[in-house]
Structures are given as structure tokens and as C-alpha cells.
Amino acid sequence: MRDIDASNGDGEYLIEIEGHEVVVTCVDMASTPKEYLTLPNTGSANYSAYGTGQNTSTPAVRTEYTKVRLNPVDLTVDITDKRFSTSNGKWVHFGWSYHYEWNYAHAADCRSPWSQTGRANVDLTGTPFAVEQDQFIVSGSEPAGTVTYSADDQVVELTGGGHCGDHRPMDTQLQLRWAD
């Protein structure tokens, strides 16, 4: 990766990753710099939603992302980083824990056994990256979910839910690869 002069401040930079040039947004340059990948498609793409059910407001929680935290060393996205996201709605867990935002690439609900009203979309078209397959799991109580890859694995559609279930990456990192 190219060395970036932190004194230039936060902003867009062209960096080299594994011989590929990639434009990233660098933030916190005066302390601990972080790289973010801009997502060209937003609104109806690059969102995560907790489906409507007995524990959610109407509309249910929907978090939309415009940039995601990219680790250029191992080509992963930190799905818990919501710095460049907006959310609306809420869900209540066990009647006392309120949640107003949702992780990237994470579809869930708490509606009924094997329900799938949760939705998520990952759309990396317009970037040099694609999503590595076989990294999503269903978990929780009576969970269900589907995953559909398209556009040479640059677009992933997820459904998920259950009697409090979800469909998400196996850990807090979404593994990317170079697009074909």
C-alpha cells in the first residue's frame, strides 16, 4: 500500500492494494487513519433491514450505507462500522433492549419459525471488488435465510429471520476478493 502523508488530512486518496489502484476515503488522519470504500449504489442498494414483527416499529430498522470500512491488508469489510450510514425504525429485544441501527450484510427478524422478512443487499458494482462466496450463516431460534449472488458476485441479496433468527457473515468481517 502506498504511504499517505497524514498531514494532508481526511479525504479521498488513491492507494495501491496488491497491484491494484483503489480510491478510498481516509478519515481520522491525525490519529488512527481508517480507509472507507465508497459504495456507488445507495438507497435501494447497500442496506440491511430487520424485518417487521412483534418487536419492531413500523417501519422496521433499516440501515443504509454510503461507505464501508475497508481493511486493505486482507480485503475485508468491518460490518459493525456504521460511520457512513443512516438508520430509521427500531426493534426491541426482550422488551428492554432498543436497537436503532443494523450491521452491514445482515438480514434478520423475530417474527415466527423460519420466517424471512429481514433483508440485506451488498452492491459492489462500480468498485473493483466482489464478495467471496460461502461465508454467510443462518443462526438463532428456528432460523432461515437465502443468499443470491449476481453480477459476478458483486451483488448479494440476503433474506433472513426466524423465531428470532438472522442471516449474516460468519463473523464481523465480510471477505471481499478482486472482481473478475
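Keep in mind the model is a prediction, meaning the values are calculated, not measured.
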Which is it for Y36 and R83 under the side chain to side chain contact (heavy atoms under 4.5 Å, CB included) test, yes or no, and what are the steps along the way?
-> CA-CA 9 Å; Y36 287 84; R83 184 175 194 148; 3.5 Å; yes
Report the C-alpha separation of R69 and E35 in whole Å, then their side-chain angles, then the decisive distance to 0.1 Å, and conclude whether the side chain to side chain contact (heavy atoms under 4.5 Å, CB included) test is met.
-> CA-CA 6 Å; R69 172 76 167 91; E35 298 86 1; 3.5 Å; yes
Check the pair V22 / L14 against side chain to side chain contact (heavy atoms under 4.5 Å, CB included), numbers first and verdict last.
-> CA-CA 6 Å; V22 179; L14 180 65; 5.8 Å; no
Run the numbers on T63 and Y47 for side chain to side chain contact (heavy atoms under 4.5 Å, CB included), then give the verdict.
-> CA-CA 6 Å; T63 303; Y47 69 89; over 6 Å; no
Does the pair T159 and Q116 meet the rule for a side chain to side chain donor-acceptor pair (under 3.5 Å), with working shown?
-> CA-CA 6 Å; T159 67; Q116 297 177 50; 2.7 Å; yes
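The backbone N or O of C110 sits nowhere less than 3.5 Å from a side-chain atom of H163 that would complete a donor-acceptor pair. The backbone N or O of M29 sits less than 3.5 Å from a side-chain atom of D10, completing a donor-acceptor pair. Q135 contributes a side-chain N or O that, together with a main-chain N or O of Q175, makes up a donor-acceptor pair within less than 3.5 Å.
In summary, D153 and R177 engage in a salt bridge, as defined by a charged side-chain N under 4.0 Å from a carboxylate O.
For G89 against V61, the heavy-atom pair with the smallest separation is C-CG2, 3.7 Å. When all heavy atoms are compared, the tightest approach of G165 to A108 is O-CB, 3.2 Å. Between W114 and A144, the shortest heavy-atom distance links the atoms O-CB, 3.5 Å. Across every non-hydrogen atom of G140 and P143, the tightest pair is O-CD, 3.4 Å. Contact between D134 and Y149 at its shortest, heavy atoms only, is N-OH, 3.5 Å.
Atoms CG and CG, on L158 and N121 in that order, are 8.5 Å from each other to the nearest 0.5 Å. Note that the CD atom of E132 and the CH2 atom of W178 stand 13.5 Å from one another [nearest 0.5 Å]. Taken to the nearest 0.5 Å, the CD atom of E142 stands 10.0 Å off from the SG atom of C164. Taking CG from D123 and CG from N46, the interatomic distance works out to 5.5 Å, rounded to the nearest 0.5 Å. Atom OG1 of T25 and atom CD of E12 lie 4.5 Å apart (nearest 0.5 Å). In this structure, NZ in K82 is found 8.0 Å from OG in S87, a value given to the nearest 0.5 Å.
Side-chain contact, Q173 with T76: a donor N or O sits under 3.5 Å from an acceptor N or O. A donor-acceptor pair shorter than 3.5 Å cannot be found between the side chains of T148 and E157. With 3.5 Å as the limit, one finds no donor-acceptor pair spanning the side chains of T172 and T80. Side-chain atoms of R168 and S48 include no donor-acceptor pair closer than 3.5 Å. Defined by atom type and a distance below 3.5 Å, a donor-acceptor pair is missing between the side-chain atoms of Y104 and D78.
Between P40 and T127, some side-chain heavy-atom pair lies under the 4.5 Å cut-off. Residues P169 and L174 are in side-chain contact: their nearest non-hydrogen atoms beyond the backbone lie under 4.5 Å apart. Looking at heavy atoms from C-beta onward, T38 lies out of side-chain contact with T66 at the 4.5 angstrom threshold.
Results of the side chain to side chain contact (heavy atoms under 4.5 Å, CB included) test with Q154 over V122, T125, L176, N41 single out T125 as the only residue that passes.
Cluster partners of M170, by chain and number: I137. The rule joins Ile, Leu, Val, Met, Phe, Trp and Tyr whenever side-chain heavy atoms lie under 4.5 Å apart.
By the side-chain hydrogen bond (donor to acceptor under 3.5 Å, both in side chains) test, T117 pairs with D109, sequence neighbours left out.
Both L39 and I17 belong to a common hydrophobic cluster when Ile, Leu, Val, Met, Phe, Trp and Tyr are linked at side-chain heavy-atom distances under 4.5 angstrom. Hydrophobic clustering keeps V68 apart from V155 (ILVMFWY residues linked when any side-chain heavy atoms are closer than 4.5 Å, directly or through intermediates). Residues L70 and V27 do not share a hydrophobic cluster, defined by chaining ILVMFWY side chains whose heavy atoms lie under 4.5 Å apart. Residues L124 and V156 are members of one and the same hydrophobic cluster, defined by side-chain heavy-atom contacts under 4.5 angstrom among Ile, Leu, Val, Met, Phe, Trp and Tyr.
Checked against the 6.0 Å centroid criterion, the rings of Y65 and F84 do not qualify as a close aromatic pair.
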